[in-house]
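Below is one structure, written out as structure tokens; comments come after it.
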Amino acid sequence: MGFHVPSADAPYRLILSVSGVEKSGKTHFALTAPEPIVYIDADLGSEGVVEPFIRAGKQVISFPIRLEKNLAIGKASEVKARYDPVWQDFKKKVATACKLGTGTIVIDTATEMYELCRLAEFGKLTQVMQRDYGPVNSEWREVIYGIFDSPLSCVLIHKLGDAWRDGKTTGALELKGFRDTPGLVQCSVRMARLPDSETGEPVYEAEVENCRSNHRLTGTRLVGVLCDCSRLIKMVHKP
């Protein structure tokens, strides 16, 4: 009748959002995920971060996507014409990666890819009514749902920015990009870069903000050598 009996074993993977300020170790953490890693790179700040993993023997397949510095220059119709092919190419890359059967998709950054989706639909990033975002949000969800339908893990890297309310900053930071991301993914992680208490050298920290796949992990902090995405996945699936 179209029904099926769910498996008692969840797929051994994790769809997670990783956020943090600049140079807080977001890309480094993502690249500790299970390989092969399909790395969709729209972040110029990744230079010098990916290469050590490749030299260490990590299997990384990189797809660079370069967006213009001033994204929305020109008429809306012209901007749409420039960016719709880029967005369609991004979707094809993700769909192709989903056929690998194992590994991880890293989108660096999901903030910029969501901007790309908006440019492909509207041809601009401002002066768009919230009620008009239906097609954009559907497009973005289609990408994420496609990854959920595969056996792959996925790391959506997000930038953080000032939170604004009623035209004023609140003093807090919030995730930039698709606002429903925390409710869509299985786990959300906030990155930080801290000085080591003994050496003073910088160390990375990943704090689990929420994890619907394993609620016991909420609030867990992975510091230094323990700040490892593959380790987090093992912890999520630990009975």
In Å, rounded to the nearest 0.5 Å, how long is the span from OG of Ser150 to CD1 of Ile15?
-> 6.5 Å
Indicate the atoms forming the closest heavy-atom contact of Gly177 with Tyr114, along with that distance.
-> C-CD2, 3.6 Å
Partner of Lys159 by salt bridge (charged side-chain N to carboxylate O under 4.0 Å, His left out), out of Glu115, Glu112, Glu174 = Glu112
Does Arg190 pair with Glu209 as a salt bridge, N-O distance under 4.0 Å?
-> yes
What residue among Glu121, Arg118, Lys91 forms side chain to side chain contact (heavy atoms under 4.5 Å, CB included) with Glu139?
-> Lys91
Give a yes or no on whether Val203 and Val49 share a hydrophobic cluster (residues Ile, Leu, Val, Met, Phe, Trp, Tyr; joining criterion: side-chain heavy atoms under 4.5 Å apart).
-> no
Distance (rounded to the nearest 0.5 Å) between Ile157 CD1 and Thr109 OG1 | 7.5 Å
Arg141 atom CZ, over 12 foreign heavy atoms within 6.0 Å | yes
Validation row, ring centre His28 to ring centre Phe53 under 6.0 Å = yes
Here the pair of heavy atoms bringing Ser230 nearest to Ala33 is OG-C, 3.4 Å
Could you give the distance from CG (Leu14) to CD (Gln186), rounded to the nearest 0.5 Å?
-> 5.5 Å
Take Glu207 and Arg221, measure what salt bridge (charged side-chain N to carboxylate O under 4.0 Å, His left out) needs, and give me the verdict at the end.
-> CA-CA 4 Å; Glu207 180 177 357; Arg221 298 169 61 205; 5.2 Å; no
Between CG on residue Asn214 and CG on residue Leu232, distance to nearest 0.5 Å | 9.5 Å
Minimum heavy-atom distance Ala97-Leu152, with the two atoms named = O-CD2, 3.4 Å
What is the minimum heavy-atom distance between Cys98 and Ile147, and which atoms define it?
-> SG-CA, 3.8 Å
For Arg212, look at atom CZ and say whether over 12 heavy atoms of other residues, nucleotides or ligands are found less than 6.0 Å away.
-> yes
Quick check: does any side chain N or O of Thr111 sit under 3.5 Å from a backbone N or O of Lys176, one acting as donor and the other as acceptor?
-> yes
Carboxylate-amine/guanidinium contact Lys58 Glu35, below 4.0 Å | no
Do Phe178 and Leu184 touch side chain to side chain, with heavy atoms closer than 4.5 Å?
-> yes
Below 4.0 angstrom, N of the basic side chain to O of the carboxylate: do Lys26 and Asp108 qualify?
-> no
Hey, could you give me the CZ/SG distance between Arg13 and Cys154, rounded to the nearest 0.5 Å?
-> 9.5 Å
One should read off an interatomic distance between Ile54 CD1 and Tyr39 OH, to the nearest 0.5 angstrom, of 10.0 Å
Aromatic rings His237 and Tyr12: how do their planes relate, parallel, tilted or perpendicular, breaks at 30° and 60°?
-> tilted
Joint cluster assignment, Val136 & Val94, ILVMFWY side-chain distance < 4.5 Å = yes
